[in-house]
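Input: a single structure, listed below in structure tokens.
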Amino acid sequence: MPANNSSREVRVRFAPSPTGELHVGNIRTALFDWAYARHTGGKFIFRIEDTDTERVTPEYIQAAINTLKWLGLDWDEGPEVGGPHGPYLQSERLEIYAEWASKFLAQGDAYHCYCSAEELEAVREAQRKANQAPGYNGHCRDLSSQQIDEYKAEGRLPVVRMLMPDGSTTFTDLIRGDVTFEHKFVPDFVLVRHDGSPLYTLAVAVDDVLMKVSHVLRGEDLLSSTPRQLRVYDAMGVDVKDYPLFAHLPFVMGQDNAKLSKRNGETSIAWYRDAGYLPEAICNYLALLGWSPGEDRENVTMKELTELFTVERVHSSPARFDMKKLEAINGDKIRALTLDAFLEWAKPFLINAGTISGTASEIELVKKALPIIQERITTLSEIPALLNFLFVSEFNVESESAEKIADSQSKEVLKISADRLAGLAEWNHESIEGILRQALIVELGLKPRIAFSALRIAVTGSHISPPLFESMELLGAQKSLERIQAAL
RNA sequence: GGCCCCGUCGUCUAGCGGCCUAGGACUCUGGCUUCUCAAGUCAGCUACGAGGGUUCGAAUCCCUUCGGGGCUACCA
């Protein structure tokens with residue numbers, strides 16, 4: 001069992017296998033890795049586990065890099081930044097794994113296995129039928145040289161298999177406490193494929209040792225593979241006190257079905273970016289899945305997260321992803337944005353939606369309008385629809401809303417408003433509100449919601465809009481009056 | 001099937017033997033505020049999976065049971 005080695009420099013790695021785009025589960029792991037490294041003042045290492053050449057693609061690798069960058073999870077060692085223990089792509093470290101594999105072979109820790117896939121499957125099938133734990137039976141452990149020659153003559157290519165000795169492995173998981181696996185349930189496992197390429201089981205352990213990783217915080221799905229990693233450390237001759245410490249993070253699941261699905265977070269982080277979620281909101285929300293700062297706190301900045309995050313406060317039970325809560329937090333984060341920051345986030349959404357082209361005068365107007373919509377949205381993607389009325393060249397009232405102002409009372413409101421507003425000396429929301437309240441509420445005796453509703457529809461085109469008087473001020477006297485006239 | 005992990009409101013969680021007739025947040029419902037929508041604010045609904053122990057006392061410790069999940073690959 002690894003002793004406490006807290007005196008070591010903290011080095012945490014996030015090592016995804018990019019067989020697809022990173023989703024919320026992956027990111028939650030990356031976030032915790034990052035937060036722990038930053039909390040302790042240690043190093044955050046980003047390593048790409050691309051030993052599965054069938055499924056990992058360069059595009060997915062690049063997407064993973066971009067996602068971490070966008071989220072603000074900066075790494076000290078890894079792709080693009082390099083580092084003293086590189087390269088950080090396993091596909092570029094093949095010689096290293098080959099060397100260790102041959103060393104294990106020479107030491108007798110590993111052996112060549114000539115069993116074919118069909119033979120292995122037949123064995124497993126038989127075991128299942130006999131109600132035994134399926135797993136490699138050690139067939140090739142002690143092959144005679146004659147048998148080996150025969151297999152070779154048949155043209156069989158061997159894999160390299162690690163020999164699991166009798167006994168058991170116990171290690172202390174930082175989150176779950178001591179966990180023990182009897183080796184009879186951990187069969188000899190393959191380190192190197194028949195074509196000479198390494199497997200995760202070999203590469204992950206070798207790299208964690210060579211990269212001097214001190215803490216492995218990863219998904220719970222890897223818990224039962226831990227004894228195999230420890231076995232490789234042992235074969236490498238690593239002192240037990242230098243073994244990395246393990247912490248297996250609980251799963252992030254979908255809301256209804258147990259698994260993560262498209263609607264429940266299985267989508268890529270890029271989707272959240274395009275849907276108008278802030279990186280800080282995503283990180284804040286994800287941090288709450290399996291961890292909490294305590295003291296009834298929930299809203300934390302990235303900086304606070306690094307200050308408060310400890311593995312001790314991560315708990316062991318799985319969490320369900322809840323889009324509603326993410327939205328709520330995103331709304332909080334948007335409201336907390338400074339005007340300049342909000343403007344920068346808003347621009348691409350307005351431009352992509354075709355609301356504005358990005359000219360200086362447009363940006364100037366946007367900047368004036370943002371404060372009145374800041375507390376009304378939960379995602380950035382809602383911005384174009386709310387500000388559209390300020391920029392449309394050919395203004396039209398929504399057909400559904402148009403019906404609401406077709407009655408005689410609405411016409412009267414509009415008529416009177418147009419007359420009074422036309423004589424207004426100074427066009428600002430205070431004066432607009434003052435004169436309209438006087439004319440419609442005081443003099444006509446109308447209820448505010450009735451009176452202003454007609455104006456709202458006429459001016460903004462919708463019965464839902466930013467505050468009316470501010471909207472009219474921003475729109476300007478000329479356009480406002482034109483629209484009211486047009487609605488008559 | 002075997003091995004391993006997990007189990008507090010619908011959801012995320014606080015809780016680490018008495019402060020708990022279980023607190024916060026999201027959601028939902030109702031009220032206030034109000035030019036719409038929001039925001040804000042007040043209130044309400046709803047939880048310790050079950051059964052045994054240990055103890056003066058258990059959500060907190062132990063056992064069993066039930067339930068959920070992971071692994072069981074020449075994937076990771």
Side-chain angles (χ1 to χ4, degrees), chain A residues 15-17 19 49-52 54-56 113 115-117 120-121 124 127-136 157-161 173 175-176 179-182 184-187 189-195 197-201 203-204 218-227 248 250-251 253 255 258-259 285 288-299 315-329 331 335 373-378 382 386 433 436-437 440-441 447-457 460 462-471:
Chain A
S17 178
T19 55
E49 310 231 328
D50 55 350
T51 51
D52 184 351
E54 299 273 307
R55 298 195 297 153
V56 175
C113 170
C115 296
S116 68
L120 293 172
E121 185 46 46
R124 278 193 289 266
Q127 288 167 325
R128 271 191 286 266
K129 279 191 174 141
N131 217 358
Q132 291 175 316
Y136 187 66
L157 292 169
V159 299
V160 177
R161 221 177 252 284
D173 185 280
I175 294 170
R176 291 152 212 281
V179 182
T180 299
F181 289 88
E182 298 293 334
K184 61 182 172 185
F185 302 119
V186 186
F189 55 97
V190 179
L191 297 170
V192 180
R193 294 186 179 88
H194 70 83
D195 66 357
S197 63
L199 252 43
Y200 167 80
T201 48
V204 69
R218 53 171 12 173
E220 185 190 334
D221 49 331
L222 272 342
L223 182 62
S224 52
S225 82
T226 308
H248 290 91
F251 283 116
M253 306 190 302
Q255 29 202 359
K259 280 168 294 190
Y285 174 63
L288 265 19
L289 260 27
W291 174 83
S292 99
E295 295 173 352
D296 294 339
R297 279 252 273 159
E298 289 210 325
N299 193 312
H315 46 106
S316 46
S317 52
R320 253 151 293 262
F321 182 84
D322 179 11
M323 190 74 89
K324 280 277 195 287
K325 181 119 180 182
L326 205 212
E327 284 174 11
I329 290 178
R335 272 167 245 128
I373 64 165
Q374 190 162 15
E375 67 183 25
R376 313 187 127 68
I377 59 173
T378 56
E382 295 163 44
L386 280 174
E433 178 167 7
L436 290 177
R437 278 193 186 281
L440 304 173
I441 314 303
K447 283 192 186 307
R449 62 184 305 135
I450 302 290
F452 298 138
S453 176
L455 274 165
R456 179 187 312 286
I457 291 170
T460 70
S462 170
H463 67 283
I464 296 174
S465 82
L468 178 61
F469 312 116
E470 282 84 348
S471 294

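When reading the values below, keep in mind they use all heavy atoms of this one structure, side chains included, and skip hydrogens, waters and symmetry mates. Residue numbers start from 1 in every chain, and the chains themselves are labelled A, B, ... in the order their sequence lines are given, proteins ahead of strands.
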Next on the checklist: Under 4.0 Å, heavy atoms only, any strand: does A:I329 hit a base, just the sugar-phosphate, or nothing?
Outcome noted: nothing
Checklist entry - If you measure from the C1' atom in B:C75 to the same atom in B:A39, how many Å do you get, rounded? => result 48 Å
Next on the checklist: Would you measure the distance from the P atom in B:G53 across to the matching atom in B:U60 and give it in whole Å?
Outcome noted: 15 Å
Next on the checklist: Mind checking if A:L199 touches a base, just sugar-phosphate, or nothing, with heavy atoms under 4.0 Å?
Outcome noted: sugar-phosphate
Checklist entry - Which is true for A:G290 with a 4.0 Å heavy-atom rule: it touches a base, it touches only sugar-phosphate, or it touches nothing? => result sugar-phosphate
Next on the checklist: Is it the case that the base of B:C12 and the side chain of A:R320 share a donor-acceptor contact (distance under 3.5 Å, atom types as modelled)?
Outcome noted: no
Next on the checklist: Taking any heavy-atom pair under 4.0 Å as a contact, classify A:R449: base, sugar-phosphate, or nothing.
Outcome noted: sugar-phosphate
Checklist entry - Hey, does A:E298 reach any base, or is it just sugar-phosphate, or nothing, if we go heavy atoms under 4.0 Å? => result base
Checklist entry - What nucleotide among B:U13, B:A76, B:C35 has an atom nearest to a side-chain atom of A:S225? => result B:A76
Item to check | Closest-nucleotide 5' rank along RNA chain B - winner of A:S465 and A:T378 | outcome: A:S465
Item to check | Under 3.5 Å on both distances, the Watson-Crick or G-U partner of B:U60 | outcome: none
Checklist entry - A:L191 and A:T201: which non-hydrogen atoms are nearest, and at how many Å? => result CA-OG1, 4.0 Å
Next on the checklist: Suppose you measure atom P in B:G49 against the same atom in B:U13; what distance do you get, rounded to whole Å?
Outcome noted: 15 Å
Checklist entry - Looking at B:A76, B:C3, B:A38, which one has an atom nearest to any side-chain atom of A:D52? => result B:A76
Checklist entry - Toward the 5' end of RNA chain B, which comes first, A:P187 or A:R176, by nearest nucleotide? => result A:R176
Checklist entry - Where the side chain of A:K325 is defined as all heavy atoms beyond and including C-beta, which of B:C35, B:C74, B:C26 is the nearest nucleotide? => result B:C26
Next on the checklist: Heavy atoms only, 4.0 Å cut-off, all strands: where does A:H248 land among base, sugar-phosphate and nothing?
Outcome noted: nothing
Checklist entry - What nucleic acid atoms does A:S453 come within less than 4.0 Å of, heavy atoms only: base, sugar-phosphate, or nothing? => result nothing
Checklist entry - Are the side chain of A:Y285 and the backbone of A:D322 linked by a donor-acceptor contact shorter than 3.5 Å? => result yes
Item to check | Closest listed nucleotide, where the reference is the side chain of A:E49 and the choices are B:C3, B:A76, B:U13 | outcome: B:A76
Next on the checklist: Just N and O in the side chain of A:S316: are any of them under 4.0 Å from OP1 or OP2 of B:C5?
Outcome noted: no
Item to check | Length of the CD-P vector between A:E327 and B:A25, whole Å | outcome: 19 Å
Next on the checklist: Quiz question: by atom type and distance under 3.5 Å, do the side chains of A:R449 and A:S453 form a donor-acceptor pair?
Outcome noted: no
Checklist entry - With both distances under 3.5 angstrom, what nucleotide forms a Watson-Crick or G-U wobble pair with B:A39? => result none
Item to check | Gap between atoms CG and C1', on A:L289 and B:A25 respectively (whole Å) | outcome: 13 Å
Item to check | Phosphate-side-chain proximity, A:R193 and B:A73, N/O vs OP1/OP2 below 4.0 Å | outcome: no
Checklist entry - Taking CG from A:D296 and C1' from B:G24, how many angstroms apart are they, rounded to a whole number? => result 4 Å
Checklist entry - In whole angstrom, what separates A:E375's CD from B:C37's C1'? => result 10 Å
Checklist entry - Please give, in whole Å, the distance from B:C3 P to A:Y136 OH? => result 23 Å
Checklist entry - Under 4.0 angstrom, heavy atoms only, what part of the nucleic acid is A:V179 near: base, sugar-phosphate, or nothing? => result sugar-phosphate
Next on the checklist: We want to know whether A:H248 and A:R176 form a side-chain donor-acceptor pair, criterion being a heavy-atom distance below 3.5 angstrom.
Outcome noted: no
Next on the checklist: With side-chain contact (heavy atoms from CB on, under 4.5 Å) as the criterion, how do A:D52 and A:Y200 come out once you've worked through the C-alpha distance, each side chain's angles and the decisive distance to 0.1 Å?
Outcome noted: CA-CA 8 Å; A:D52 184 351; A:Y200 167 80; over 6 Å; no
Checklist entry - Roughly, in whole Å, what's the span from CD1 in A:I373 to C1' in B:C37? => result 12 Å
Checklist entry - Heavy atoms under 4.0 Å, any strand shown: does A:F251 hit a base, just sugar-phosphate, or nothing? => result sugar-phosphate
Next on the checklist: Tell me whether the side-chain N/O atoms of A:T51 come closer than 4.0 Å to OP1 or OP2 in B:A76.
Outcome noted: yes
Next on the checklist: Under 4.0 Å, counting only non-hydrogen atoms across every strand here, what does A:T19 touch: a base, just sugar-phosphate, or nothing?
Outcome noted: nothing
Item to check | Euclidean distance for P, B:G7 against B:C62 (whole angstrom) | outcome: 12 Å
Item to check | Whether A:T460 side chain and A:R456 backbone form a donor-acceptor pair below 3.5 Å | outcome: yes
Next on the checklist: Go through it in stages, so that I can follow the logic: the residues are A:L386 and A:I377, the test is side-chain contact (heavy atoms from CB on, under 4.5 Å), and I'd like the CA-CA distance, side-chain angles, deciding distance and then a yes or no.
Outcome noted: CA-CA 9 Å; A:L386 280 174; A:I377 59 173; 3.4 Å; yes
Item to check | Counterpart base for B:C66, defined by Watson-Crick or G-U wobble contacts under 3.5 Å | outcome: B:G7
Item to check | Selected nucleotide, minimal atom distance to A:V159 side chain, candidates B:A38, B:C74, B:C4 | outcome: B:C74
Next on the checklist: Within the 4.0 Å heavy-atom criterion, would you say A:P318 contacts the bases, only the backbone, or no part of the nucleic acid?
Outcome noted: sugar-phosphate
Next on the checklist: Just to be sure I understand the rule, does A:P250 reach a base, reach only the sugar-phosphate, or reach nothing, if contact means heavy atoms closer than 4.0 Å?
Outcome noted: nothing
Item to check | Same-atom distance (P) from B:U64 to B:A25, integer angstrom | outcome: 39 Å
Checklist entry - If we take the C1' atom in both B:A38 and B:U33, what is their distance in whole Å? => result 13 Å
Checklist entry - Across the strands shown, which category fits A:F469 at heavy-atom distances under 4.0 angstrom: base, sugar-phosphate, nothing? => result base
Checklist entry - Does the A:S17 side chain pair with the main chain of A:E49, one donor and one acceptor, at a distance under 3.5 Å? => result yes
Item to check | Shortest side-chain distance from A:L222, nucleotide among B:A14, B:A76, B:G40 | outcome: B:A76
Next on the checklist: Between B:C20 and B:G15, how far apart are the two C1' atoms, rounded to whole Å?
Outcome noted: 9 Å
Checklist entry - Which of the following nucleotides, B:C3, B:C26, B:C6, is nearest to the side chain of A:A328? => result B:C26
Next on the checklist: From NZ of A:K324 over to C1' of B:U11, roughly how many Å is that when rounded to an integer?
Outcome noted: 12 Å
Checklist outcome for this item: Here the pair of heavy atoms bringing A:R193 nearest to A:P198 is NH1-O, 3.2 Å
Item to check | Nearest to side-chain heavy atoms of A:A319, which nucleotide of B:C74, B:C12, B:U36 | outcome: B:C12
Item to check | Distance, rounded to the nearest Å, where A:M323 contributes CE and B:U11 contributes P | outcome: 18 Å
Item to check | Separation of the C1' atoms in B:C9 and B:G18, to the nearest angstrom | outcome: 23 Å
Checklist entry - In terms of side-chain heavy atoms, does A:H315 have a donor or acceptor partner in A:S292 at a distance below 3.5 Å? => result no
Next on the checklist: Can you tell me which nucleotide in B:C35, B:C37, B:G69 comes closest to the side chain of A:E220?
Outcome noted: B:G69
Checklist entry - If you look at every strand shown and take non-hydrogen atoms under 4.0 Å, does A:R124 touch a base, only sugar-phosphate, or nothing? => result sugar-phosphate
